[in-house]
Amino acid sequence: MENLLEIKGLSKTFTLHNLGKHIRAVSGIEIDVKEGEFVGITGKSGSGKSTVLKCIYGTYRLEEGSILYDSKRFGPVDLARVSETEMLYLRKHEIGYVSQFLNVMPRTTARQLVKQAILEMGNDECVADQETVKILTHFELSEELWDSYPATFSGGEKLRLNIARAMVKKPRLLLLDEPTASLDQESKLKVKVLIQQLMEEGTTMLGIFHDLEFMNNLCNKEYKMERGSFSLQGS
Ligand SMILES: Nc1ncnc2c1ncn2[C@@H]1O[C@H](COP(=O)(O)OP(=O)(O)OP(=O)(O)O)[C@@H](O)[C@H]1O
Ligand SMILES: [Mg+2]
């Protein structure tokens, strides 16, 4: 495969059973992401941006189209058609996702959450402990929060933890759904620094950004969503 990710003719319709209605969220989506690229998605609220990322991550099944991904473990696979076991493997080891809305696991401390993510990538305990401290410090989560449950964290603290957990894995492909949307300028900068660092280490990223200008000098290309379909900007 020439690209790490190739989306062809992706369409997704939602059926609202109670209303007997169909909503065509996206159609005919085509995206190419080369290995090592940072690709941005912009567009109005409700235009279907999150739907595309959720199709890639396997949260939604699509009706039409294919999502080719060049897996390290399995070789080229169609994410729309992989088995559940394969998808779970890929989520654990190759594809990361930062969702727009955070749902935290109950009864797991911030430290455990991050450490668990690192261990899943096959690192040993000692490395995991060190890396956990490093990333929690980077995102300025105060030390007294490390061993508490994220359920009581503020919105921004939850978000920073969520990003820390996804980024610390250094996945091959990282999907970001507005990771900086509700953060203050300083926290946004921290996210940007890590994105830059991950790029240098070879992580490929596809991210939805409300404020792509903020990321502009990092972004290799931009797709703009308009009422459910995509167009490539510039170039
Ligand atoms: N699970 C679902 N069931 C029914 N409709 C859905 C579902 N998920 C998304 N939609 C619809 O699909 C359309 C696109 O939603 P999506 O969340 O992808 O938009 P978005 O571009 O991410 O918007 P925002 O910028 O507000 O996050 C919307 O009209 C939404 O109502
Ligand atoms: Mg969205």
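Just so you know, ligand 1 is whichever comes first in the structure, and atom 1 is the first atom listed for that ligand. When a residue number appears, it is its place in the shown sequence, counting from 1. Since the structure is predicted, the reported quantities are computational estimates derived from the model, not experimental observations.
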Quick check on Lys44 - does any of its heavy atoms sit under 4.0 Å from an atom of ligand 1? yes

Would His22 and Thr15 satisfy side chain to side chain donor-acceptor pair (under 3.5 Å), going step by step from the backbone distance to the final call? CA-CA 4 Å; His22 300 280; Thr15 307; 3.3 Å; yes

Among Gly46, Gly43, Ser45, which one has a heavy atom closest to atom 14 (C) of ligand 1? Gly46

Glu178, portion touching ligand 1 at heavy-atom distance under 4.0 Å: side chain

I'd like to know if the Mg ion (ligand 2) has an N/O/S atom from Ser50 within less than 2.8 Å of it, counting both backbone and side-chain atoms. yes

Note the single closest protein heavy atom to atom 25 (O) of ligand 1, along with its residue, its atom name and the distance in Å. Lys49 NZ, 2.7 Å

Residue, atom name and distance, where the atom is the protein heavy atom closest to atom 31 (O) of ligand 1: Ile23 CD1, 5.0 Å

Atom 27 (O) of ligand 1: the protein heavy-atom neighbour that sits closest, reported with distance to 0.1 Å: Gln100 NE2, 2.9 Å

Ion pair Glu86/Arg73, N-O distance below 4.0 Å: no

Are the aromatic rings of Tyr89 and Phe74 close, with centres under 6.0 Å apart? yes

Which protein heavy atom lies closest to atom 15 (O) of ligand 1, and at what distance to 0.1 Å? Thr51 OG1, 3.7 Å

Closest approach of any protein heavy atom to atom 9 (C) of ligand 1, naming residue and atom: Phe14 CE1, 3.4 Å

